[in-house]
Structures are given as C-alpha cells and as structure tokens.
Student: 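Got a structure here, written out as structure tokens. Questions coming.
Just follow the structure's listing: the first ligand is 1, and inside any ligand the first atom is 1. Bear in mind that the values here come from a model prediction, so they are computed numbers and not experimental data.
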Amino acid sequence: MDSTPTRPAQVAVCPSAGIGHLTPFLRLASMLTSNSCSVTLIIIRPTLSFAEANQINTFLSTHPHITASEFHILPCEPSSNSNIQDPFLLQYDAVSRSAHLLVHHLATLSPPPSAVFSDLMFASGINKPLYDLGIPNYNVITSSARFFSFMTSLTHLRVTRGDDVVIPGLAPIVGDDIPPIFSNTDHMFTRLIETSCRYLQDAKGIVLNSFDFFEPESISALQNGKVLAGLPSVFPVGPFIPYGSINGDNIPWLDNQPSKSVVYVSFGSKTVMSKDQIREIGDGLERSGLRFLWVIKTTVVDKEDKEELRDLLSEAFFENTKERGLILREWVNQEKILAHPAIGGFLTHCGWNSVMEAAQRGIPLLAWPLHGDQRVNAGEVEKAGLGIWERSWGWIGERLVKGDEIAMKIQEMMTSEKLRASATRVWDEATKAWEKNGSSRKMFETIIGDKVST
Ligand code: UDP
Ligand code: UDP
C-alpha cells in the first residue's frame, strides 16, 4: 500500500452575490472542510446586503479553519443597463464582468488551489483559463436541476413568450412558467446566463443542490447528456448540509405553540410584496384561523426596512390575531425555524434554498412562486410531493391574490393528510440520500476522491 500521506486538497470556494447564491456556497465550504479539504472562501466585495455581510461574519467565526480572501469586483454599471432596477441583477452583471480578474486573484492564493467550486456567474471568465491551467473547476448551480436544464438550453434555442420549451429528456417547460425576460435575447440577464452556459463544457463537473429522488427526470436527462451535449459530469449532492448556524435568537413564542400547528410565511431574502398584497396575506392568515409566523420584508435590499407595520395592517388584524400570530421584520434564522417542532407548513416563494431546507425537514409547502426560477421550482415541489401550488396566482404583481383564496390554500396545506404523508416521504428520501451509500453521499465522495488524488 502507498504510504505517502495524502495532502489535503486546497479548495477555493467562490460564491456570487446575494443570499440565495451565498448560502449554498457556505454550506458547501463547510461540507468540504468536514471532509479534510483545506478551504479558502472567496468573499465578494462590496457586499450588497447586511444579511450577506452578517452571514459571512458568522460563518467565518464558527469555521476558524476556513481562510477568507476578499475579492473586489468592478463597480455596478446602472448607466449601461439603464432599464434594469433590480440591484441583484446589476450585481450579477458586475460579478460576471469581474470574473476574469478572479483567475488572477486565485493565482495569488498561497498555497494555490488544487480545485475550485464556483458560481455559474463566473463561468464565462474563469472556466477556460482554469481548464488551461489544469485546475479542476466545478460549477455549482444554485437553482433546481430543471431550471438549470432550461438555462443551458438558452445556448441553442430561442424562447418565444408564452410558448412551451421542449428539452430532450424532460417534460416540456410550460411557457407560463418561464420568466418573461428570457424571451428578450438582448436583456442583460438573458445574455449573462446564455454566455455563462456556453462555458460549462470547460468545467470539471457540475454540482447540483438537488437529489435523485426529488428531481429524477431532470437529473437523469442531464447526466445522460440528453439536455446538452458536451456537459461535464453532473453531481447531485443535495440537499446541501446546513452548517448548524445557531445565530439568530430563539423565538420563545414558537416554543409555546402546539406541534405542527404554525404556518411559517416567508418569501426569501429579496422579494417584496406590494402593500395591497401584504394586506391580503394578512387577511388570509386571519381568515384561516391558524397560527402563523410571518416574516415581512418591505425593501428589496435590507438596508432601510422602515415601513411601519401599523401602516400596513389594520388594528382589527392585530386584535384578531394577537393570540395566534407573530410577525417579524428582521432577518430570521430560517433553518432553525424549519427545524422547530411547532412548524406545520411553509408558505414560500420557492427560492431553491428554501425548497431544499423544507425537503430536509419534510415540511409541507404552499408554493407561491413570484419570479425568476420559482415557477419551475414550484413544479418540482409539486411533482416530488412536497407541496401544493395554485398556478392561477401568477407572477408577482400580475394580480392581487385575495385573502379568501390564500386562507383556503393555507388550510389545505395544513390539513391534507395526503400532503403530510408525501412530504414525510421526501424527508425520508432526503435523509437517505446522505446516509452511507445514499445517492448524494456517493456523488460527494466521488468529487472528494477525484480531488484528493490530484
Ligand atoms: N433566509 C433566512 N432568513 C430570512 C430570509 C431568508 O435564513 O429572514 C435564508 C433562507 O433560509 C434561505 C435563503 O435565506 O437559505 C434564501 O434563499 P432562497 O433561495 O430561498 O430565496 P432568495 O432569497 O434567493 O429569493
Ligand atoms: N429576475 C427578474 N425578473 C425575471 C427573472 C429574474 O427580475 O423575470 C430577477 C430576480 O429578481 C433575481 C434575479 O433576476 O434578482 C435572478 O433571478 P433568479 O430568481 O432566476 O435567480 P436567483 O437569484 O434565484 O438565483
């Protein structure tokens, strides 16, 4: 037997901007470090939100073995993207334009990385140079396998608004579920995704935060080369394992609620509902008669969330729900909330991280996808048996969803035995995926094995 000690792999982990992209990378960094890799976390500066800055600080303080390396991106350019308001989109654009500089940055690390895990937004700038340097680079996908399949298809097919998209090996993607911007080939985000996907062939592998049971069709179509010829190996290693962040206060109110009785309501880190829609959600929660924990956000970026609750919701609402509802305005520790025995269901926008976190706990979902990849994700939630979805609610702002509709669907989510049983099955399968010989564990070990032996 070879007695040479194996050197730990020197891994650089490179997240893009926004919590939805940061969180899965922090989890991956923690998973790699627990498997004897020596990890450098690349930190994008400037950070857009307080939530990201806090998340990074907490992570580094609880992972002293991980080295941080700051990478300053080029400034956002609102002027050349004059019709784009979304600060996250502008930040993605800046990240992508800065990607070539990341190659130089990685070269300055000491010791140099023997493998890289990078966000898709970097692909156009780093995949080819890292390939030429012989450094294995894994592109990590922060959305569902199905939405990823759609994104890769932008390299060779044109999206016409409203039309279904046919991808080999997959049930057609319904036109209504495709974000309208993708039918505009000149849109910065459409170009960014299309260009990034063209460079996937130069990656060593593609890492998905999904698992075989949850998305069997898309995963197998991707792995069998049906979706896009020339893709490197695809590794579904989800749900990514939480790193046990215990930041965020306990919520004593939750401790006093009966088991599985509380509806948790949150639409992620950056989605803001109109005031009218917030009032209707309040009305729905009030009419449902159920207990609820509702996180309300009124600004896209979390720097000035000052809207007074009393201006949003009526006195009667507060009076009628004071015994059974709690509203929070601040950043919450969602991971911890979903793990709490009092939580019985989750009204969610279907951001992919939220979906995987719910899968890990078997929490039934009421999907209310609002934009981006979320309708496609909601379809996967429904197919896997984790949740229900009322398609007629449309994209955000398309129509005002009324309180009585919301109340009815929440009640369905909380009372359906069938849904609870199928969500529990998802939980079992998510757990199995990470047990010995489980699908995700085996895939992760393959990646680690490939790297450690380099
Ligand atoms: N999250 C949280 N507290 C909040 C809001 C969000 O912990 O108050 C976490 C949530 O658990 C998830 C991530 O932030 O890990 C949001 O990612 P997701 O993909 O669900 O949605 P996005 O925010 O990207 O729309
Ligand atoms: N987005 C948008 N309109 C769309 C699709 C996406 O404004 O039709 C924005 C969305 O708000 C988000 C960004 O594009 O900030 C990325 O979208 P997506 O949800 O697909 O990616 P994610 O951030 O969840 O990875």
Student: Using the six-membered ring wherever Trp is involved, compare the ring planes of W368 and W393 and label them parallel, tilted or perpendicular (cut-offs 30° and 60°).
Tutor: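 Correct class here is perpendicular.
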Student: Could you measure the distance from the CZ atom of F213 to the CD1 atom of I219? Nearest 0.5 Å is fine.
Tutor: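 If we round to the nearest 0.5 Å, F213:CZ and I219:CD1 are 11.5 Å apart.
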Student: Give a yes/no verdict on whether any heavy atom in V332 is under 4.0 Å from an atom of ligand 1.
Tutor: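 So V332 counts as touching ligand 1.
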Student: Using a 4.0 Å cut-off to any heavy atom of G20, which atoms of ligand 1 qualify?
Tutor: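 That gives atoms 17 (O), 24 (O) of ligand 1.
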Student: Heavy-atom distances under 4.0 Å are what count here, so tell me which part of H21 touches ligand 1: side chain, backbone, both or neither.
Tutor: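 H21 to ligand 1: no contact under 4.0 Å from either part.
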Student: I19 heavy atoms, cut-off 4.0 Å: which ligand 1 atoms fall inside?
Tutor: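 Listed by number with element: 13 (C), 14 (O), 16 (C).
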Student: What are the atoms of ligand 1, with element, lying closer than 4.0 Å to any heavy atom of H349?
Tutor: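 Taking each heavy atom of H349 in turn, ligand 1 has 20 (O), 21 (O), 22 (P), 25 (O) under 4.0 Å.
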Student: Tell me, please, which residues at least two apart from E445 pass side chain to side chain contact (heavy atoms under 4.5 Å, CB included).
Tutor: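 Only R441 meet the side chain to side chain contact (heavy atoms under 4.5 Å, CB included) criterion with E445.
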Student: For the aromatic rings, using the six-membered ring if either is Trp, is the centroid distance between F444 and W434 under 6.0 Å?
Tutor: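 Distance test on ring centres: under 6.0 Å, yes.
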Student: Do the rings of F292 and W294 sit parallel, tilted or perpendicular, given the 30° and 60° boundaries?
Tutor: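 Plane angle over 60°, so perpendicular.
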Student: Is the closest N or O pair between S354 and ligand 1 shorter than 3.5 Å?
Tutor: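 Yes; the residue has a nitrogen or oxygen that sits under 3.5 Å from a nitrogen or oxygen of the ligand.
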Student: Between the side chains of N139 and N127, is a donor N or O closer than 3.5 angstrom to an acceptor N or O?
Tutor: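 Checked: N139/N127 side chains pair up, N/O donor to acceptor below 3.5 Å.
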Student: Using a 4.0 Å heavy-atom cut-off, say whether W331 meets ligand 1 through its side chain, its backbone, both or neither.
Tutor: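 It is both parts that get close, each with some atom under 4.0 Å.
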Student: Considering the heavy atoms of G268, write down every atom of ligand 1 situated less than 4.0 Å from one of them.
Tutor: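 Near G268, the atoms of ligand 1 are 23 (O).
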Student: Given R329, E330, Q334, E357, which has its nearest heavy atom closest to atom 15 (O) of ligand 1?
Tutor: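 Ranked by closest heavy atom to atom 15 (O) of ligand 1, first place is E357.
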Student: Run the numbers for me: atoms of ligand 1, each under 4.0 Å from some heavy atom of S269, listed by number.
Tutor: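 Here the atoms of ligand 1 in question are 22 (P), 23 (O).
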Student: Between H63 and Y243, how do the two ring planes meet: parallel, tilted or perpendicular, split at 30° and 60°?
Tutor: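 Perpendicular: the ring planes of H63 and Y243 meet at over 60°.
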Student: Going by the order shown, which atoms of ligand 1 are within less than 4.0 Å of some heavy atom of W352?
Tutor: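 Counting from 1, the qualifying ligand atoms are 19 (O).
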Student: Name every donor-acceptor pair, under 3.5 Å, that has one atom in a side chain of residues 39-46 and the other anywhere in the protein, sequence neighbours excluded.
Tutor:
unit_1: R45; atom_1: NE; unit_2: E70; atom_2: OE2; d: 3.1
unit_1: R45; atom_1: NH1; unit_2: T47; atom_2: OG1; d: 2.8
unit_1: R45; atom_1: NH2; unit_2: E70; atom_2: OE2; d: 3.2

Student: So, H21 versus Y92, ring centres under 6.0 angstrom or not?
Tutor: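 So the answer is yes for these two rings.
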Student: Heavy-atom pairs closer than 4.0 Å: do any link ligand 1 to the side chain of T23, the backbone, both, or neither?
Tutor: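 Within the 4.0 Å criterion, T23 contacts ligand 1 through side-chain atoms alone.
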Student: Is it the side chain, the backbone, both or neither of N353 that has a heavy atom closer than 4.0 Å to ligand 1?
Tutor: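 N353 to ligand 1: contacts from backbone and side chain alike.
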